[in-house]
Amino acid sequence: MKSSPVRDLLALTQRPEVISFAGGLPAPELFDVDGWRDAFAKSADDRRNLQYGTTEGNPVLRGVIAERMTRRGVPTTEDDLLVTTGSQQALTLVTTTLVEPGDVVAVEEPTYLAALQCFQLAGARVVPVASDEHGMVPSALAEVLVADRPTLVYLVPTFANPSGRTLPAARRQEIAALAERHDVWVVEDDPYGELRYRGEWVPPLTSYGERVLYLGSLSKIGAPGLRLGWLRAPRSLMSAAVIAKQAADLHTSTIDQAAAAVYLTNTDLDTHVAGLCAAYRERRDTMIAALPDTVPAGTAWTDPDGGMFVWVRLPGAVDTTDLLRQALAHNVAFVPGAPFFATNPDPATLRLSFTTNPPEDIIEGMRRLAAALTSPSAAGAR
Ligand code: PMP
């Protein structure tokens with residue numbers, strides 16, 4: 001796990017003068033500070049919330065999450081859920097439970113960097129499945145299922161990181177059916193599903209079949225610092241996941257779970273999420289509107305219906321890691337796309353996050369990016 005040049009460069013994006021489109025960070029000014037202050041104050045009054053808790057998690061919190069998932073088309077009870085320390089831990093627990101060194105994990109391409117790291121750390125061989133503007137291609141998955149016999153298939157079906165794209169309902173049905181036919185587990189990682197700015201709701205992949213595990217998160221609709229997520233899994237798998245979690249950290253913070261239970265019970269989260277969506281929709285529109293004047297002719301980009309990310313491919317033989325150096329000299333940042341590929345990176349790609357900065361900063365950041373892209377050393381990078 002050596003440090004990468006990209007990681008070293010991204011450290012520089014923290015400088016206050018940099019407008020960063022790099023991190024996948026929610027807008028801090030939209031955190032419901034009053035609601036969380038109240039929820040934490042109420043929770044801290046009860047000494048049981050400062051005590052050790054059960055590995056499965058706070059039953060009230062699991063109840064409200066189950067109810068929310070049921071309303072979103074996935075019938076769920078408290079017993080189907082394990083509260084985790086961020087959905088990242090849910091992914092680690094599923095991997096620990098199911099993946100042996102040498103096993104194959106199939107992923108869409110490109111995919112979430114920290115998922116790739118999780119699978120690689122477990123000693124898995126990661127096999128990319130051909131994906132297009134609508135996400136993973138089911139016929140390509142069918143081929144990989146036969147040729148490589150994966151243990152696990154990993155997808156971010158809705159407003160993916162890093163591509164922003166969404167898997168249509170028909171593909172969800174096909175992929176869930178393939179999983180059943182081939183007796184393979186599929187992981188639906190869904191931290192962005194509620195952040196829709198346009199278009200029709202698509203049912204979660206897990207609603208199409210028994211072989212789809214679901215990872216949920218409060219990070220993008222609540223606050224990521226809470227580190228609260230969950231795993232929805234069938235009983236057959238849940239007991240092993242609970243043992244893996246017990247070995248990892250006994251349980252997720254009792255006080256944080258209690259505060260989230262109070263918060264979700266007392267707050268109209270739908271209204272809060274609608275407010276987030278209104279603000280993020282404007283930020284997405286601002287970035288998309290600025291792109292034609294920012295990037296060279298021949299550049300392609302995604303125009304996501306939700307989530308946090310725009311995925312960009314520059315024309316020609318560009319290396320966006322070199323370009324990031326140039327961008328940082330202009331006090332703007334993005335993430336180079338190469339680390340999001342399991343095997344053959346496309347060095348001309350990059351990811352822009354539009355949620356962290358208000359529209360006026362997005363406009364200024366895109367201006368700086370345009371300057372970085374037209375500077376002489378950027379031309380050299382191409
Ligand atoms: N999965 C994806 C696709 C993500 O983008 C992220 C966060 N960037 C996570 C999981 C981790 O989220 P959490 O904060 O719930 O651990």
Side-chain angles (χ1 to χ4, degrees), residues 7 10 13 20-28 31 36 57 61 65 68-69 81-96 105 107-121 126 131 135-136 152-167 186-196 204-206 212-232 241 245 248-249 252-253 256-257 260 264 273 276 280 302 304 306-311 334-335 337 339-342 351-356:
R7 191 179 293 275
L10 289 178
T13 67
S20 180
F21 301 133
L25 307 183
F31 293 149
W36 286 107
L61 178 60
I65 293 170
R68 198 168 179 82
M69 286 203 71
L81 299 176
L82 170 65
V83 177
T84 56
T85 304
S87 63
Q88 189 68 36
Q89 186 187 42
L91 183 62
T92 304
L93 297 178
V94 166
T95 305
T96 306
V105 176
V107 300
E108 66 195 308
E109 179 113 296
T111 197
Y112 174 46
L113 169 58
L116 289 176
Q117 288 169 333
C118 176
F119 303 138
Q120 282 155 0
L121 208 63
V126 182
S131 307
M136 188 179 274
L152 206 70
V153 180
Y154 171 81
L155 311 151
V156 185
T158 313
F159 318 137
N161 182 0
S163 67
R165 63 200 176 191
T166 294
L167 195 71
V186 173
V187 173
E188 174 177 29
D189 190 3
D190 190 31
Y192 305 106
E194 294 209 34
L195 299 178
R196 176 178 282 282
L205 179 55
T206 193
V212 186
L213 310 170
Y214 181 93
L215 317 185
S217 175
L218 285 185
S219 290
K220 309 305 185 322
I221 55 174
L226 294 162
R227 310 306 304 125
L228 286 173
W230 64 92
L231 165 68
R232 180 186 183 277
K245 175 152 174 81
D249 66 353
T252 294
S253 158
D256 294 354
Q257 292 185 72
L264 293 175
V273 170
L276 294 178
Y280 291 163
T302 58
M308 297 180 131
F309 305 112
V310 175
W311 181 246
F334 56 81
V335 185
F340 296 96
F341 291 83
R351 189 193 75 179
L352 298 171
S353 167
F354 55 81
T355 52
T356 322

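Atoms within a ligand are numbered from 1 in the order they appear, just like the ligands themselves. Note that the structure is predicted; figures quoted are calculated from it, not measured.
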**OP:** Name the closest protein heavy atom to atom 9 (C) of ligand 1, giving the residue it belongs to and the distance to 0.1 Å.
**Re:** Y112 OH, 3.3 Å
Subject >> Under 3.5 Å side-chain donor-acceptor pair for T355 and K220 >> reply: no
Original post:
Looking only at heavy atoms of P191, does any of them come nearer than 4.0 Å to an atom of ligand 1?
Top reply: yes
Original post:
Among all protein non-hydrogen atoms, which one is nearest to atom 12 (O) of ligand 1, and what is the separation to 0.1 Å?
Top reply: S87 OG, 3.2 Å
**OP:** Using a strict 4.0 Å cut-off to heavy atoms of K220, name the atoms of ligand 1 that fall inside it.
**Re:** 6 (C), 7 (C), 8 (N)
Subject >> Geometric class of the W311/F341 ring pair [parallel <30°, tilted 30-60°, perpendicular >60°] >> reply: tilted
Subject >> Near-ring test Y280/F354, centroid separation under 6.0 angstrom >> reply: no
Original post:
Going by distance alone, is a donor N or O of one side chain under 3.5 Å from an acceptor N or O of the other, for T158 and T166?
Top reply: no
**OP:** Before giving the answer on side-chain contact (heavy atoms from CB on, under 4.5 Å), spell out for L81 and V83 the whole-Å C-alpha distance, their side-chain angles and the decisive distance to 0.1 Å.
**Re:** CA-CA 6 Å; L81 299 176; V83 177; 6.0 Å; no
Original post:
Looking only at protein heavy atoms, which one is nearest to atom 1 (N) of ligand 1, and how far off is it?
Top reply: D189 OD2, 2.6 Å
Original post:
Is there a heavy atom in R227 that sits closer than 4.0 Å to ligand 1?
Top reply: yes
Original post:
Under 3.5 Å, side chain of T356 to main-chain N/O of L25, donor-acceptor pair present?
Top reply: yes
**OP:** Give the residue and atom name of whichever protein heavy atom lies nearest to atom 5 (O) of ligand 1, and the separation in Å to one decimal.
**Re:** Y192 OH, 2.5 Å
Original post:
Is a side-chain donor-acceptor pair under 3.5 Å present for Y112 with Q117?
Top reply: no
**OP:** Mark up the atoms of ligand 1 that fall under 4.0 Å of a heavy atom belonging to V156, in ascending order.
**Re:** 3 (C)
**OP:** Kindly determine whether R232 and E188 satisfy salt bridge (charged side-chain N to carboxylate O under 4.0 Å, His left out), including the steps that lead there.
**Re:** CA-CA 10 Å; R232 180 186 183 277; E188 174 177 29; over 6 Å; no
Original post:
What atoms in ligand 1 come closer than 4.0 Å to a heavy atom of G86?
Top reply: 15 (O), 16 (O)
**OP:** Using heavy-atom distances, let me know which of S353, A114, S219, P26 sits nearest atom 13 (P) of ligand 1.
**Re:** S219
Subject >> Contact atoms of ligand 1, heavy-atom distance to S217 under 4.0 Å >> reply: 13 (P), 15 (O)
